[in-house]
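To keep things clear, I will list the structure first and then write my remarks on it.
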There are 2 protein chains.
Amino acid sequence: MSTTATRNEGTGRRVGLDRDEVIQRALDLIERDGSEALTMRALATELGVTTTTIYWHVGGREELLTAVIELLSRQQAEAEIVGDDPRERVFCIARQIWTNAQAHRNVTSLAHRMGATTLLEMPMELAMLREFESAGVRGAKARDALQAVILCVAGFLVVALRSPASGSLDAHSTELWSTVEDDRVSAATLKALTRPSDLEALFNTTVTAVINQFVPDSGTAA
Amino acid sequence: MSTTATRNEGTGRRVGLDRDEVIQRALDLIERDGSEALTMRALATELGVTTTTIYWHVGGREELLTAVIELLSRQQAEAEIVGDDPRERVFCIARQIWTNAQAHRNVTSLAHRMGATTLLEMPMELAMLREFESAGVRGAKARDALQAVILCVAGFLVVALRSPASGSLDAHSTELWSTVEDDRVSAATLKALTRPSDLEALFNTTVTAVINQFVPDSGTAA
DNA sequence: ACCTGAACACCGTTCAAGT
DNA sequence: ACCTGAACACCGTTCAAGT
């Protein structure tokens, strides 16, 4: 992408690589081929360099992955927040997290597996806090409201990110349910379970319910 | 644990191992040392056997892990469901999932990372469906209600399971927030963020809100 | 049927050495 | 300061061979 890789300013550099470029290429590689495809050797080959060079620039694999997540966190443009009242605006931000996650599935699910979701979504969580403040929700109440909404969104991401991502395991809900029989559950319900939910609609309903629980229904912001 | 390992009935067996015991020991090892500690070689050593024996009995690593999750799924005793109306009973089941997950952190977070949550929680999800039925919620509505509640619980598990599990990454929320400054967020809120939420209380509030959204407030079951 | 031994192709990481 | 080459200790998996 950037042409800085082949720059050689007459210094002792042979490749002209810097830390930022290593991380950016790592991000690209993960988005393209998944996070398991990012081995130190594969990334080195991609950069036209030896494995040890990566260690010199950014450190080991754990540091590299953390840096990738931080990079994406900064790149996720904080889109404009629309909505007439705090409830709507909080919902708008929740949808942005949801949308961003689907646009960057591989890094998002990586962050998820690493327990670094907060690191990735920090800017959007901060935006959400500002809305809570303007709705008069602050202190421990704001913290809990944030946790609840983020938790709920995270739950949706768990489901949304696993479907076409790791096709190896056939333990996906719809296939599992097709083998179940139970005389205390109607046939209509069991049949419905074999078809996927409309996650979009379900997201709206559920997240709205949680937001309404924590954000008061004030018409105008303070 | 079971003494079947040293049994040798005069057949050609040298060790007397069977598939179930391999899987049980794998489960024990994961619960004790974490899922990363379960290597084929480590498990083989634990069993007093060669690596290849595991392949003969249960197959590769993926199959082994799936079998472990299925085993725990069967072992999670379906405790008694208490509550006067469907809403309360659904909440009771949600709490059981929550409790079981914390009692078996390592396997649960493994199932989570594998996208096999449904496989693990199937019996409890089925119990929840029965409550929906008795509340008159069936078909696609029951499926969506199940999804919403499970999703929400899954979100809580994401947070609850990452704290003392993988101590390697310091990207935990509380530490991250301690460095943040923002003039549009009050000091009280920022300070609250550096202290962990009461997940127990938050679970009750949030899950109840979601359940109420999908299960009608009927006093008595049909 | 059940299990071993040796081997293969990977992996992350380190360390001395080069310019 | 920046990068290479060789090596180490791991890993999952396979395959022929033993009883």
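Just so we're on the same page: letters track the sequence lines, and every chain starts at 1.
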TODO: Rounded to the nearest angstrom, tell me the gap between atom CG in A:Leu38 and atom P in C:dC11.
DONE: 11 Å

- [ ] Can you figure out which of C:dC11, D:dC3, D:dG12 approaches the side chain of A:Thr39 most closely?
- [x] C:dC11

Task: Closest non-hydrogen atom pair between A:Val149 and A:Ala94, with its separation - done: CG1-CB, 4.4 Å

Open item on the list: Output the rounded distance in Å from CD (A:Glu36) to C1' (C:dC11).
Closed with: 14 Å

Open item on the list: Under 3.5 Å, is there a donor on one side chain and an acceptor on the other for A:Glu70 and A:Gln75?
Closed with: no

TODO: Whole angstrom is fine here: how far is it from CG in B:Leu47 over to C1' in C:dC2?
DONE: 14 Å

TODO: Walk me through it: do A:Asp28 and A:Gln24 pass the test side-chain hydrogen bond (donor to acceptor under 3.5 Å, both in side chains)?
DONE: CA-CA 6 Å; A:Asp28 296 342; A:Gln24 178 65 58; 3.0 Å; yes

- [ ] Go through residues 51-61 of chain B and report each residue with a non-hydrogen atom lying under 4.0 Å from DNA chain C, sorted by number.
- [x] B:Thr52, B:Thr53, B:Trp56, B:His57

Task: A:Thr189: partners by side-chain hydrogen bond (donor to acceptor under 3.5 Å, both in side chains), with sequence neighbours left out - done: A:Ser186, B:Glu133

Task: ring-ring contact (aromatic ring centres under 6.0 Å, His included) pairs, two or more places apart, involving residues 188-209 of chain A - done: A:Trp98-A:Phe203, A:Phe156-A:Phe203

Open item on the list: Tell me the interatomic distance from B:Met40, atom CE, to D:dT13, atom C1', rounded to whole angstroms.
Closed with: 8 Å

- [ ] Using atom CZ of A:Arg41 as one end and atom C1' of D:dG5 as the other, report the distance to the nearest whole Å.
- [x] 12 Å

Open item on the list: Can you confirm whether the side chains of A:Arg113 and A:Ser35 place a donor and an acceptor under 3.5 Å from each other?
Closed with: yes

Open item on the list: Holding to ring-ring contact (aromatic ring centres under 6.0 Å, His included), I want the full list of residues that pass it with B:Phe132, two or more places apart in sequence or in another chain.
Closed with: none

Task: Separation of atom CG in A:Leu43 from atom P in C:dT13, rounded to whole Å - done: 13 Å

- [ ] Specify the separation, in whole Å, of atom CD of A:Glu62 and atom P of C:dG12.
- [x] 12 Å

Task: Nearest heavy-atom neighbours spanning B:Gln102 and B:Arg105 - done: O-CG, 3.2 Å

Task: Structure string for DNA chain C in dot-bracket form, Watson-Crick and G-U at under 3.5 Å, | interchain - done: ||.|||||...|||||.||

TODO: Among residues two or more places apart or on two chains, list those pairs meeting side-chain hydrogen bond (donor to acceptor under 3.5 Å, both in side chains) that have a residue in residues 41-52 of chain A.
DONE: A:Arg32-A:Glu46

